[in-house]
Amino acid sequence: MAGGLVALLDDVAALVKLAAASVDDVGAAAARASVKATGVVVDDTAVTPRYVQGLEPERELPIIKRIALGSLRNKLFIILPVIMLLSQFVPWLLTPILMIGGAYLAYEGAEKVWELVSGHHVEATDASEVDEDSVVSGAVRTDFILSAEIMVIALNEVDTEPFVSRLVILIVVALLITGLVYGVVGLIVKMDDVGLNLAQRESGTAQKIGRALVKGMPKLLSVLSTVGIAAMLWVGGHILLVGIDELGWHALYDVVHHLEEAVAGVAGIGGVLAWVVNTLASALLGLVVGAIIVAVMHVIPRRNKGDKAAAAH
């Protein structure tokens with residue numbers, strides 16, 4: 001009896017050790033996959049703050065919370081099941097689907113550029129008139145594409161793992177990335193409130209820091225808005241660039257790769273220059289594709305309406 005109990009305890013201890021090792025493996029794999037998706041995470045963080053501009057300060061965090069929950073739903077209940085099934089049964093479909101999302105991102109970025117250049121952008125509305133549901137749905141829609149890119153990148157990093165391990169790792173990645181992105185976004189948009197609080201302290205140093213934060217936050221948000229537009233063009237263009245290559249049309253990617261190689265050998269900064277080349281090429285492709293879609297969706301129909309109106313008179 002005692003021998004059987006000892007053997008049972010040994011088996012339990014072995015299972016515990018195996019489970020601990022599995023947890024460590026999952027954690028390491030999730031961290032590795034998350035790091036690989038860092039570029040898109042930065043883009044997601046840059047894009048989101050522009051959605052809460054113009055809102056009442058007390059509504060900023062609730063809106064960010066709603067967007068974060070929408071992002072998590074995107075990742076866990078739509079993207080994750082789809083990419084797991086596709087990767088298991090029809091992995092070749094992942095690239096075309098991702099390219100459709102890339103084209104949508106490029107369109108959104110190019111549309112913002114067109115609004116800035118043409119002056120057709122929507123005038124800022126009073127904070128009390130902002131439709132919060134529209135703000136959230138627009139942000140979650142854009143987040144869906146970025147989240148899909150993050151999850152597919154993470155999946156590619158762990159595609160040799162068993163099905164259950166892949167599933168657990170991607171769930172961890174979804175939770176980790178969403179918490180990171182929207183935690184940082186929350187800090188960014190509330191930094192002016194932190195500044196106001198510091199400016200009211202008795203400490204002279206705190207007051208200086210507080211005033212600097214209050215003055216600097218509008219500029220930071222403006223910069224982030226611009227970065228967000230550039231990020232949509234860059235990420236969308238990069239998805240298209242890589243997708244075109246994976247579908248068998250190598251010429252465009254080869255040109256970019258040769259340009260990267262041409263600068264990669266520069267001592268000390270070769271890696272940075274190669275990244276810049278790839279980023280600029282991706283953004284340019286995103287702008288071209290996005291501009292074509294904007295023309296089809298907005299410019300040509302508007303011009304045709306104008307011609308018809310002129311003919312009617």
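Numbers here are sequence positions counted from 1. Below, all heavy atoms of this structure are taken into account, side chains as well, without hydrogens, waters or symmetry copies. What you see is a predicted model; the values in this text were computed from it and never measured.
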Check: Asp245 side chain, Leu252 main-chain N or O, donor-acceptor pair, under 3.5 Å: no
Backbone N/O of Ser134 and side chain of Ser137: donor-acceptor pair under 3.5 Å: yes
More than 12 heavy atoms from other groups under 6.0 Å of CZ on Phe163: yes
Side-chain touch Ile83/Leu170, heavy atoms, less than 4.5 angstrom: yes
Ser87 side-chain N/O to Met84 backbone N/O, donor-acceptor pair under 3.5 Å: yes
Arg201 side chain near Leu198 side chain, heavy-atom distance below 4.5 Å: yes
Interatomic distance, Met151 atom CE to Leu80 atom CG [nearest 0.5 angstrom]: 4.5 Å
Heavy-atom side-chain contact between Leu284 and Leu280 under 4.5 Å: no
Test item: Ile169 and Leu155 side chains (from C-beta on) under 4.5 Å apart, heavy atoms: no
Linked, directly or transitively: Val256 and Val266 (ILVMFWY side chains, under 4.5 Å): no
Residue pair Asn278 / His238, side-chain donor-acceptor N/O under 3.5 Å: yes
Pair Asp143-Ser71, side-chain donor/acceptor within less than 3.5 Å: yes
Side-chain heavy-atom pair Ile63, Arg66 within 4.5 angstrom cut-off: yes
Check against side-chain contact (heavy atoms from CB on, under 4.5 Å), His257 and His250: CA-CA 10 Å; His257 185 63; His250 305 298; over 6 Å; no
Any donor-acceptor pair under 3.5 Å from Ser118 side chain to Trp114 backbone: yes
Check: Val152 and Thr95 side chains under 4.5 Å, non-hydrogen atoms: no
Residue pair Gln207 / Gln200, side-chain heavy-atom distance below 4.5 Å: no
Validation row: Met232, Glu111 side chains within 4.5 angstrom (heavy atoms): no
Aromatic ring pairing Tyr107/Tyr104, orientation class (parallel under 30°, perpendicular over 60°, tilted between): tilted
Gap between atom CG of Leu285 and atom CD1 of Ile244 - 0.5 Å precision: 5.5 Å
Glu260 side chain to Val277 backbone, donor-acceptor under 3.5 Å: no
Minimum-distance pair of heavy atoms, taken over all atoms of Val140 and Asn74: O-ND2, 3.2 Å
